[in-house]
S.K.: 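For reference, the structure I am asking about is given below.
Computed from a prediction, not measured in an experiment: that's the story for all the values here. Chain naming here is simple, since letters A, B, ... match the order of the sequence lines and numbering starts at 1 in each.
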Protein chains: 2
Amino acid sequence: MALEHALLVALSERPASGLELTRRFERSLGFFWHATHQQIYRVLGRMVDDGWVTVEVVAQEGRPDKKVHTPSDLGRAALEAWLAEPLPMETFRSELAVKLRGASYGDRARLASHLETTRAEHVARLAAYELMEREQFPDPAGLDEAARDQWLVLRGGIGLEHFWIDWITDYLQETS
Amino acid sequence: MALEHALLVALSERPASGLELTRRFERSLGFFWHATHQQIYRVLGRMVDDGWVTVEVVAQEGRPDKKVHTPSDLGRAALEAWLAEPLPMETFRSELAVKLRGASYGDRARLASHLETTRAEHVARLAAYELMEREQFPDPAGLDEAARDQWLVLRGGIGLEHFWIDWITDYLQETS
DNA sequence: AACAGCATGTAACGTGTTACATGATTAC
DNA sequence: GTAATCATGTAACACGTTACATGCTGTT
């Protein structure tokens, strides 16, 4: 029961259609949340039924109509209530960790080569995030509240990529 | 389709019953994987059906019998095949990130106080992991292959806790 | 005419979570 | 005798993933 709230945050920042939300999730909130369009459409439908968002059909030029969703008073209240709840202790789930730990039951050299690939992907993501930081937040001191929160979450994404890269690098050094 | 493989790694290290596996997951692999006993029993049952593990009923003194599971040749082959597959790009899912980003749509002071609690929990987990490292791996240079992998994954857990603590600290400083 | 993109959706399936159930033993 | 621990399990539900379906517009 959290995708609802993630969508409410995104729609509070700016009303959007299902597909726009999907793309926005891939980019900005995507460092820490991922959802397919099918999931988003399903949850969005439920939120409309529950009166958390209102829908407006917007005609576009040269494109199909889109359904733009906006949080209602009820939705804003639900978001506020959720934000006030204590944070659950989160446990990440990493297939990589399982493979590192199980390395001696398979082909260690082959795993190492896959790890090189994964590290390169994280290096690329880190570079993309750092570019986003420079372009979208050139002057952190001058940001308003909501933008500063976005910036701080982006910094979290950067920190997480550093963690991955450092860990894989450490592992490859120790096992080489 | 990955809990199967995580269980195979754990059972390769040492055969175990469902409940023993659940507890082991909470401790050692738990930094990067979590599973309830219901999930583990279900998957274990499927693995028995598929011939990936064999079961031996072991009588105990003053306790109920337990079913000890051991990987079969088929299971070992399945694990090896899985380990040889490329790693999927992992995307973590963090409720904390969503709340940080949504802070301006709720009670910021209240969120900050929850964040203090969460940070304290991560500090405690970090201390527990560091204690485990000192006690279980006092001499990293002298470890065999499997134990070194366990140590390196524990170091990953330590790195992840550092990430959380640093991020939350950074956020609280910037928004205070 | 074929293909890619926009936009929304259905259906089937697999995984994860929550609540509850059973029965035995040990500790207070 | 009440509660806690060990050990295994069932059932119902929520959530996530994959594949497929529709129809329209713009490009090659």
S.K.: C/dG9 C1' sits how many Å from A/Asp49 CG, rounded?
M.R.: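 Atom CG in A/Asp49 sits about 14 Å away from atom C1' in C/dG9.
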S.K.: Rounded to whole Å, how long is the line connecting atom NZ of B/Lys66 with atom C1' of C/dA24?
M.R.: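 Computing the B/Lys66:NZ to C/dA24:C1' distance gives 16 Å.
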S.K.: The side chain of A/Gln39 lies closest to which of these nucleotides: D/dG16, C/dT8, D/dA7?
M.R.: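 Within the option list, the nearest is D/dG16.
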S.K.: Can you identify which nucleotide, out of D/dC6, C/dA7, D/dG16, has its nearest atom closest to the B/Arg93 side chain?
M.R.: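 Among the listed nucleotides, the one closest to the side chain of B/Arg93 is D/dG16.
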S.K.: How are the rings of B/Trp164 and A/Phe92 set to each other: parallel, tilted or perpendicular (split at 30° and 60°)?
M.R.: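 B/Trp164 vs A/Phe92 ring planes: tilted.
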S.K.: How about A/Leu8 and A/Leu83: do any of their side-chain heavy atoms sit closer than 4.5 Å?
M.R.: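 No. Closest side-chain heavy atoms not under 4.5 Å.
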S.K.: Side-chain heavy atoms under 4.5 Å apart, restricted to Ile/Leu/Val/Met/Phe/Trp/Tyr: what other residues fall into the cluster of A/Tyr41, or is it alone?
M.R.: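 Once heavy-atom contacts under 4.5 Å are chained together, A/Tyr41 belongs with A/Leu19.
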S.K.: Atom CD1 of A/Ile40 to atom C1' of C/dT10: distance rounded to whole Å?
M.R.: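 Rounded to whole Å, this separation is 17 Å.
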S.K.: Rounded to whole angstrom units, what separation is found between the CD atom of A/Glu20 and the C1' atom of C/dG9?
M.R.: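 Taking atom C1' of C/dG9 as the reference, CD of A/Glu20 is at 17 Å.
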S.K.: Taking atom C1' of C/dT15 as reference, at what distance in whole Å does atom CD of A/Glu95 sit?
M.R.: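 Value for this atom pair: 14 Å.
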S.K.: Going by atom types alone, do A/Ser28 and A/Gln150 pair a side-chain donor with an acceptor below 3.5 Å?
M.R.: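 There is no such pair (donor and acceptor under 3.5 Å, judged by atom type) between the side chains of A/Ser28 and A/Gln150.
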S.K.: Can a side chain N or O of A/Tyr41 be found less than 4.0 Å away from OP1 or OP2 on C/dT8?
M.R.: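 Result: yes.
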S.K.: Please compare A/Arg42 and A/Lys67 by the position of their nearest nucleotide in DNA chain C and report the one closer to 5'.
M.R.: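 The answer here is A/Lys67.
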S.K.: Counting heavy atoms not belonging to A/Arg93, are there more than 12 under 6.0 Å from its CZ?
M.R.: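 Check passes, neighbour count above 12.
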S.K.: Return yes when atom CZ of B/Arg14 has more than 12 non-hydrogen atoms of other residues, nucleotides or ligands closer than 6.0 Å, and no otherwise.
M.R.: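 Atom CZ in B/Arg14 is not packed in, count stays at 12 or less.
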S.K.: Separation of A/Arg24 atom CZ from C/dC6 atom P, in whole Å?
M.R.: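 Distance check: A/Arg24 CZ to C/dC6 P gives 16 Å.
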S.K.: Compare the minimum distances between each of C/dT8, D/dA7, C/dA12 and the side chain of A/Leu19, then state the nucleotide with the smallest one.
M.R.: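 That would be C/dT8.
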S.K.: Rounded to whole Å, please give me the gap between CG in A/Leu3 and C1' in D/dA14.
M.R.: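 That distance rounds to 12 Å.
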S.K.: What is the distance, rounded to the nearest whole Å, between atom CG of B/Leu44 and atom P of D/dG9?
M.R.: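 For the pair B/Leu44 CG and D/dG9 P, the rounded distance is 9 Å.
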S.K.: For DNA chain D, which residues in residues 25-38 of chain B have a heavy atom at a distance below 4.0 Å?
M.R.: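 Listed by number, they are B/His37, B/Gln38.
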S.K.: Students often mix this up, so state it plainly: with edges at 30° and 60°, are the rings of A/Phe32 and B/Trp167 parallel, tilted or perpendicular?
M.R.: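 Because their plane-to-plane angle is under 30°, the rings of A/Phe32 and B/Trp167 count as parallel.
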S.K.: Considering only side-chain heavy atoms of B/Arg23, which listed nucleotide, C/dT8, C/dA12, D/dA7, is closest?
M.R.: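 The answer is D/dA7, which lies nearest to the side chain.
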S.K.: Give the nucleotide from the list C/dT8, D/dC15, D/dA7 with an atom nearest to the side chain of A/Arg46.
M.R.: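 Per side-chain heavy atoms of A/Arg46, the pick is D/dC15.
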